[in-house]
Amino acid sequence: AGAKDDTFNVLDLAEYTKNQPWWRKIFAPKSGWSAEKYNVATQLVIGGVTGWCTGFIFQKVGKLAATAVGGGFFLLQIANHTGYIKVDWNLVQRDMNKAKQQLKFHSSGNKMPPEVKSRVDEVVIFLKKNVILTSGFAGGFLLGMAS
């Protein structure tokens, strides 16, 4: 048999992406607000599609979680009524009172921690700069939840 020529072509991804205009537009090294990079229709489509996907997945996961919680509660009730589980209602009442006291303590001071405040400020700035994208996402999310 003849000798095989084991040569390989090396693909430089950096050079490859420079030759791909759609790739460069989406994953450009410079970052900025989407309002500066894309037109209104593109922002609405991107926001709508991602919102719809998120809403659809959220709906399916929500149904699954509700079924799991409901089924677990149902099984616990059966176990309680058949005598496999005994509930210490005094302990439950004491823990509920403790939780109520902690909620009253935390809600008495309306001050937001600085870490949370800075994150909230970042989200508000993002939402203001990307109103069209955010609107598309919200609409798509509602459509995804409805489907």
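Numbers here simply count residues along the sequence, with the first being 1.
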In residues 133-147, what donor-acceptor pairs under 3.5 Å come from side-chain atoms, sequence neighbours left out?
unit_1	atom_1	unit_2	atom_2	d
Thr134	OG1	Asn130	O	2.7
Ser135	OG	Val131	O	2.7
Ser147	OG	Trp52	NE1	3.4
Ser147	OG	Leu143	O	3.4
Ser147	OG	Gly144	O	3.1

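- The side-chain hydrogen bond (donor to acceptor under 3.5 Å, both in side chains) check on Thr42 picks up Asn39, with sequence neighbours excluded.
- What you find for Ile85 and Leu76 is that their closest heavy atoms are CD1-CD2, 3.6 Å.
- Other residues sharing a hydrophobic cluster with Leu91 under the 4.5 Å side-chain heavy-atom criterion for ILVMFWY residues do not exist; the residue is a singleton.
- For Val123, the side chain to side chain contact (heavy atoms under 4.5 Å, CB included) partners are Leu127, not counting sequence neighbours.
- Other residues sharing a hydrophobic cluster with Ile57 under the 4.5 Å side-chain heavy-atom criterion for ILVMFWY residues are Val61.
- Residues passing the side chain to side chain contact (heavy atoms under 4.5 Å, CB included) test with Asn97 are Gln93, Lys100, sequence neighbours excluded.
- Summarising the hydrophobic clusters (Ile, Leu, Val, Met, Phe, Trp, Tyr; side-chain heavy atoms under 4.5 Å, direct or chained), the residues clustered with Phe73 are none.
- Under the rule for a side chain to side chain contact (heavy atoms under 4.5 Å, CB included), Thr67 has no partner lying at least two apart in sequence or in another chain.
- Other members of the cluster containing Val69 do not exist, because no ILVMFWY side chain is joined to it at under 4.5 Å.
- Here Arg94 pairs with nothing under the salt bridge (Lys or Arg N to Asp or Glu O under 4.0 Å) rule; sequence neighbours left out.
- Tyr84 is linked by a side chain to side chain contact (heavy atoms under 4.5 Å, CB included) to Ala79, Thr82, counting only residues two or more places apart in sequence or in another chain.
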